[in-house]
Amino acid sequence: MQYSLSHQNTTKLLKTFFSLFFLYLLFSYSASASVDSLYKTNCASCHGNKMQGGLGESLVDNKWLHGESDEQIFNVIKNGVANTDMMAWGNSLSAQEIRSLVIYIRETKYQSELEQMNKAVVHKNGQFSAAGEQFRLEKLDENSAGYWGIEFLPDNSYLVTEVSGKLWYFNQGIKTEIADIPTVWHRGQGGLLDIALHPDYINNKLIYLSYAQSDDGNKAMTAITRGRIEEGRWVTDKQIFKADTKHHLSSGAHFGDRMVFQNNDLYFSIGDRGNKEMAQDLSRPNGKIHRLTLDGDIPSDNPFVDTPKALASIWTYGNRNPQGMTLNTKSNKIWSVEHGPRGGDELNLITKANNYGWPLATFGMNYNGTPMTDKTSMVGMVQPIWHWTPSIAVSSIEFYHANAFSTWQNKALIGSLAKEELRLLTIVDDKVTKDELIIKGQGRIRDLKVAADGSIYLLLNSGSRSSRQGAIYRLVPAGK
Ligand code: HEC
């Protein structure tokens with residue numbers, strides 16, 4: 001008797017509990033729950049607040065019972081694991097929500113992995129040791145405003161752009177400002193951006209500058225001008241690229257831009273300018289990588305010259321904000337790195353007419369932790385060669401072909417802003433086989449270049465978004 005009473009009570013209790021739980025579920029799944037609350041509500045009870053495990057597996061220990069790819073993790077969450085406490089969430093969570101949980105797991109896992117990576121970087125008495133080399137960081141310059149691009153001249157002196165619209169010349173420790181730089185639109189991420197030498201600079205002394213350009217002071221787009229430095233002044237030779245005023249936007253976001261030369265063509269990137277859907281629109285210059293002749297004309301074999309309404313300068317599209325781009329001089333291939341939203345920073349191999357997917361397919365989610373899409377790939381779109389989820393805010397890329405750091409030869413140096421990292425990617429047959437940390441927490445890396453002597457120059461920016469300070473560091477082998 002007593003037993004059956006208590007049994008009834010339990011059943012009642014369970015019933016009430018389940019109906020309350022059901023109401024709770026209805027509430028918590030409404031519209032765009034952020035990923036933190038999705039996780040805390042549904043998963044933390046078993047997997048732990050920090051994913052360290054409990055009733056359920058640890059999700060940060062790099063051991064995966066059901067596979068480690070994004071797709072496999074996605075499927076475990078969606079379908080559950082039969083005969084275990086891991087239920088199928090596919091009916092109560094949308095595909096996008098599950099996708100954002102996968103990214104969230106990656107973010108949390110990254111934090112614990114980074115501790116491991118940090119241990120591999122030894123920093124003692126100003127000497128670093130990482131990725132098989134020993135080196136030290138030498139500070140060459142400090143500047144009251146942020147820097148953006150650095151380029152060496154044949155005599156090892158170098159030019160550095162300041163985003164506020166200045167150009168600096170450094171020669172044997174002496175810094176001079178170049179006068180008469182074209183007016184730039186300095187707002188948000190806009191300003192004076194990249195600098196590159198004409199492939200035949202030795203003979204013609206021509207230099208390309210990319211910058212945010214405005215006609216009315218209110219709206220802007222990325223542009224490129226070309227000129228020479230004569231007796232300490234900039235003398236413009238030719239406007240190489242300028243978007244039609246109708247394409248200018250008031251947003252201060254995502255201008256790109258890096259410039260690269262390959263086989264005597266100029267390639268340059270323009271970010272989506274904060275208007276993601278425009279990256280898929282071939283009538284818009286933003287969210288693209290463009291290709292022009294050295295004089296700014298359209299090469300006749302550009303992919304969209306015959307496509308109605310398309311801009312003939314477009315080489316690739318679906319690019320979110322490629323701020324790093326380089327030619328691997330050994331393979332003659334162009335590589336770019338682009339910022340993802342939250343997660344989904346990409347390394348891409350840039351080839352003709354490709355659609356890189358943004359914003360339809362991405363490994364990232366919205367900054368507020370709500371899902372963007374559950375698609376990481378789509379038919380007809382190109383996958384990144386590598387992606388960083390969570391984002392490191394990838395800004396720059398350069399292949400190392402010098403001798404000073406022999407173990408780094410043929411590998412790609414990658415700079416990051418938000419995570420303040422310098423990484424080294426080993427790439428074999430266009431696949432990344434290793435991603436190592438070289439330095440961390442020394443400042444936001446905006447650009448990097450390898451000098452003729454094999455040392456690595458870094459442009460660092462610190463401070464808040466509204467008051468960046470620039471610095472130039474040089475990474476040299478220890479003992480030199
Ligand atoms: C009631 C407890 C419980 C809850 C709630 C739960 N899980 Fe699990 N989860 C488990 C258990 C137990 C396993 C291990 C299953 C097995 O033995 O294969 C697991 C496995 C997993 C795995 C696979 C791990 C691996 O090693 O491959 C993932 C990913 C995962 N859960 C994610 C989630 C997410 C995301 C949520 C929330 C939407 C969630 N889980 C909610 C108990 C739970």
Side-chain angles (χ1 to χ4, degrees), residues 10-117 340-345 361-377 383-384 386-391 435:
T10 321
T11 326
K12 255 190 189 166
L13 257 172
L14 271 177
K15 270 187 182 160
T16 340
F17 175 74
F18 273 118
S19 33
L20 277 174
F21 191 53
F22 186 67
L23 275 173
Y24 181 54
L25 288 184
L26 271 180
F27 255 89
S28 56
Y29 297 146
S30 59
S32 59
S34 89
V35 71
D36 320 62
S37 62
L38 265 183
Y39 179 81
K40 287 210 172 71
T41 314
N42 304 302
C43 325
S45 58
C46 291
H47 291 286
N49 267 330
K50 298 197 165 145
M51 305 193 185
Q52 72 278 17
L55 272 178
E57 301 295 306
S58 162
L59 302 176
V60 292
D61 63 356
N62 235 349
K63 290 193 196 101
W64 298 102
L65 295 171
H66 304 281
E68 63 178 329
S69 77
D70 281 18
E71 287 70 25
Q72 287 164 318
I73 297 171
F74 182 98
N75 286 332
V76 171
I77 302 172
K78 183 174 175 221
N79 304 323
V81 182
N83 306 319
T84 75
D85 286 338
M86 181 62 191
M87 63 178 268
W89 295 88
N91 293 326
S92 45
L93 299 180
S94 71
Q96 281 163 328
E97 284 170 323
I98 295 177
R99 174 68 206 142
S100 62
L101 280 167
V102 176
I103 299 172
Y104 192 62
I105 291 172
R106 293 276 184 227
E107 286 183 342
T108 311
K109 191 162 157 287
Y110 169 83
Q111 288 310 329
S112 50
E113 277 173 5
L114 199 61
E115 284 164 27
Q116 293 304 112
M117 269 187 148
R342 176 170 167 176
D345 282 9
T362 168
F363 284 89
M365 62 181 158
N366 291 311
Y367 283 112
N368 64 5
T370 56
M372 177 167 281
T373 163
D374 63 312
K375 303 235 169 15
T376 57
S377 66
Q383 285 300 92
W386 192 244
H387 73 97
W388 291 270
T389 303
S391 299
D435 182 355

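Excluded from the calculations below are hydrogen atoms, water molecules and symmetry mates; all remaining heavy atoms, backbone and side chain alike, are included. Order of appearance sets the numbers: ligands from 1, and atoms from 1 within every ligand.
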key: Nearest non-hydrogen partners of Thr376 and Gln383, listed with the distance   = O-OE1, 2.9 Å
inquiry  = Could you work out, with side chain to side chain donor-acceptor pair (under 3.5 Å) as the rule, every residue matching Asp36, not counting sequence neighbours?
reply    = Ser34
query = Can you check whether Gln72's main-chain N or O pairs, donor with acceptor, with His66's side chain at less than 3.5 Å?
reply = no
query = Does ligand 1 have any atom that is closer than 4.0 Å to a heavy atom of Lys63?
reply = yes
task = Identify the protein heavy atom lying closest to atom 26 (O) of ligand 1, giving its residue, its atom name and the separation to 0.1 Å.
result = Leu65 N, 2.8 Å
key: Donor-acceptor under 3.5 Å (Thr389 side chain, Gly343 main chain)   = no
key: Nearest atoms (heavy-atom pairs only) where Glu107 meets Pro390   = CG-CB, 3.4 Å
task = Using a 4.0 Å heavy-atom cut-off, say whether Trp64 meets ligand 1 through its side chain, its backbone, both or neither.
result = both
request  = Search all heavy atoms of Ser391 against all heavy atoms of Asp345 and return the closest pair with its distance.
outcome  = OG-OD1, 3.0 Å
inquiry  = If you compare all heavy atoms of Met51 against all heavy atoms of Thr108, which two are closest, and at what distance to 0.1 Å?
reply    = CE-OG1, 3.3 Å
key: Closest approach of any protein heavy atom to atom 18 (O) of ligand 1, naming residue and atom   = His66 NE2, 2.5 Å
Distance filter under 2.8 Å, centred on atom 8 (Fe) of ligand 1 - protein N, O or S atoms that pass it = His47 NE2, Met86 SD
request  = Would you sort out whether Asp61 and Lys109 count as a salt bridge (charged side-chain N to carboxylate O under 4.0 Å, His left out), showing the intermediate values?
outcome  = CA-CA 8 Å; Asp61 63 356; Lys109 191 162 157 287; over 6 Å; no
query = Which protein heavy atom lies closest to atom 15 (C) of ligand 1, and at what distance to 0.1 Å?
reply = Thr84 OG1, 3.7 Å
ask   = Please state which protein non-hydrogen atom is closest to atom 12 (C) of ligand 1 and give its distance, to 0.1 Å?
value = Leu55 O, 3.6 Å
ask   = Has ligand 1 got any nitrogen or oxygen that is less than 3.5 angstrom from a nitrogen or oxygen of Asn42?
value = no
task = Report the nearest protein non-hydrogen atom to atom 29 (C) of ligand 1: residue, atom name, distance rounded to 0.1 Å.
result = Ile73 CG2, 3.7 Å
request  = Compare every heavy atom of Arg342 with every heavy atom of Ile103, then report the nearest pair and how far apart it is.
outcome  = CG2-O, 4.1 Å
ask   = For Arg99 and Phe74, which heavy atoms make the closest approach, and how far apart are they?
value = N-CE1, 3.7 Å
